[in-house]
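Note sheet for the following structure.
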Amino acid sequence: MDFNQLELDRQTMFKDAVLSEAEAKSMAIITAAHAEGEEELRKARLLCEEADEASITARLAQAVEKEYSTVAQNTRRQLLLHRAQLVDGLFAEIEKDLADFAGGKGYLPWMKKKLLGYATFAKEHKNVTIFLRPADSKNAAALEKALPGVTVRQLEEIRLGGFRIQGGNQLYDETLDEALAEEKQRFFLESGLRL
């Protein structure tokens with residue numbers, strides 16, 4: 001299955017799960033708040049027999065408004081926390097999939113194909129450097145062979161794989177790290193998960 005389609009399917013399932021669970025939690029909290037409000041109203045009615053009705057009504061309205069505000073704030077806080085946990089879990093799973101890809105047979109051919117897309121760039125610039133994660137140093141010779149004349153260096157900040165290529169003052173990032181960061185940003189912008 002195409003990685004982008006798999007990612008789209010995961011995002012859709014995640015979005016549906018978050019929205020369903022958030023709706024269920026909201027309804028449970030609202031139901032509990034209504035029950036508590038009814039109990040407060042019952043207590044207020046008992047007090048009403050002994051006190052001024054206008055004063056009781058005002059105090060009751062304030063108490064209900066305060067309780068509703070507290071419940072709404074707690075609900076929002078819980079939903080944000082839960083959403084963050086689900087998103088972190090989803091992207092941890094994607095990061096694991098990327099690590100599996102970077103450890104698999106298709107990784108080096110993928111890197112060579114991506115690198116060949118910069119053949120013209122490498123011809124137009126002197127001192128072109130390819131930056132790899134330390135774990136990919138074993139692929140350096142194959143990449144130098146694929147794009148002759150480049151220098152390969154290790155870069156600790158690349159964790160997941162891929163490469164950066166620099167020539168002159170131009171730098172292109174083809175790392176899996178950057179792709180994941182862009183995907184996470186796109187997810188937050190397009191998921192519709194707003195509170």
Exercise for the section: Enter the distance from Gln73:CD to Arg76:CZ here, rounded to the nearest 0.5 Å. Expected result: 9.5 Å
Acceptor/donor pairs from residues 106-116 side chains to any protein atom, 3.5 angstrom cut, sequence neighbours excluded:
residue: Tyr107; atom: OH; partner: Asp136; partner atom: OD2; Å: 2.5
residue: Tyr107; atom: OH; partner: Gly162; partner atom: N; Å: 2.7
residue: Lys114; atom: NZ; partner: Glu174; partner atom: OE1; Å: 3.2

Give the table of side-chain donor-acceptor pairs shorter than 3.5 Å for residues 140-156, with sequence neighbours excluded, one pair per line with atom names and distance.
none

Handout entry: Qualifying ring pair (Phe, Tyr, Trp, His ring centres under 6.0 Å) pairs with a residue from residues 132-179, counting only residues at least two apart or across chains
Key = Tyr118-Tyr172, Phe121-Tyr172
Fill in the blank from the handout: Scanning both residues in full, the closest heavy-atom pair of Gln166 with Phe131 reads OE1-CE1, 3.5 Å
Handout entry: Within residues 142-161 or reaching into it, pairs that qualify as ring pair (Phe, Tyr, Trp, His ring centres under 6.0 Å) - sequence neighbours excluded
Key = none
Handout entry: NZ (Lys138) with more than 12 external heavy atoms under 6.0 Å
Key = yes
Exercise for the section: Would you sort out whether Leu132 and Ile158 count as a side chain to side chain contact (heavy atoms under 4.5 Å, CB included), showing the intermediate values? Expected result: CA-CA 7 Å; Leu132 304 174; Ile158 301 174; 5.8 Å; no
Handout entry: Glu39: salt bridge (charged side-chain N to carboxylate O under 4.0 Å, His left out) partners, not counting sequence neighbours
Key = Arg42
Completion exercise
Hits for side-chain contact (heavy atoms from CB on, under 4.5 Å) against Glu95, two or more places apart or cross-chain, chain-then-number order -> Arg159, Leu160, Leu180
Problem - Spacing of CD1 belonging to Ile94 relative to CG belonging to Leu176, to within rounding of 0.5 Å - result: 12.5 Å
Completion exercise
With sequence neighbours left out, the residues meeting side-chain hydrogen bond (donor to acceptor under 3.5 Å, both in side chains) with Thr175 are Asp173
Completion exercise
The side-chain hydrogen bond (donor to acceptor under 3.5 Å, both in side chains) partners of Glu157 (sequence neighbours excluded) come to Arg164
Practice task
Can you sort out the partners of Lys96 under side-chain hydrogen bond (donor to acceptor under 3.5 Å, both in side chains), two or more places apart, ordered by chain and number?
Solution key: Asp100
Exercise for the section: Could I get the full list of side-chain contact (heavy atoms from CB on, under 4.5 Å) partners for Glu67, not counting sequence neighbours? Expected result: Glu36, Val71
Practice task
Give, for atom CD of Glu182 and atom CG of Leu189, the distance between the pair rounded to the nearest 0.5 Å.
Solution key: 11.5 Å
Practice task
Any chance you could measure Glu183, atom CD, to Gln185, atom CD, to the nearest 0.5 Å?
Solution key: 10.5 Å
Completion exercise
Sorted by chain and residue number, the side-chain hydrogen bond (donor to acceptor under 3.5 Å, both in side chains) partners of Gln170 (sequence neighbours excluded) come out as His125
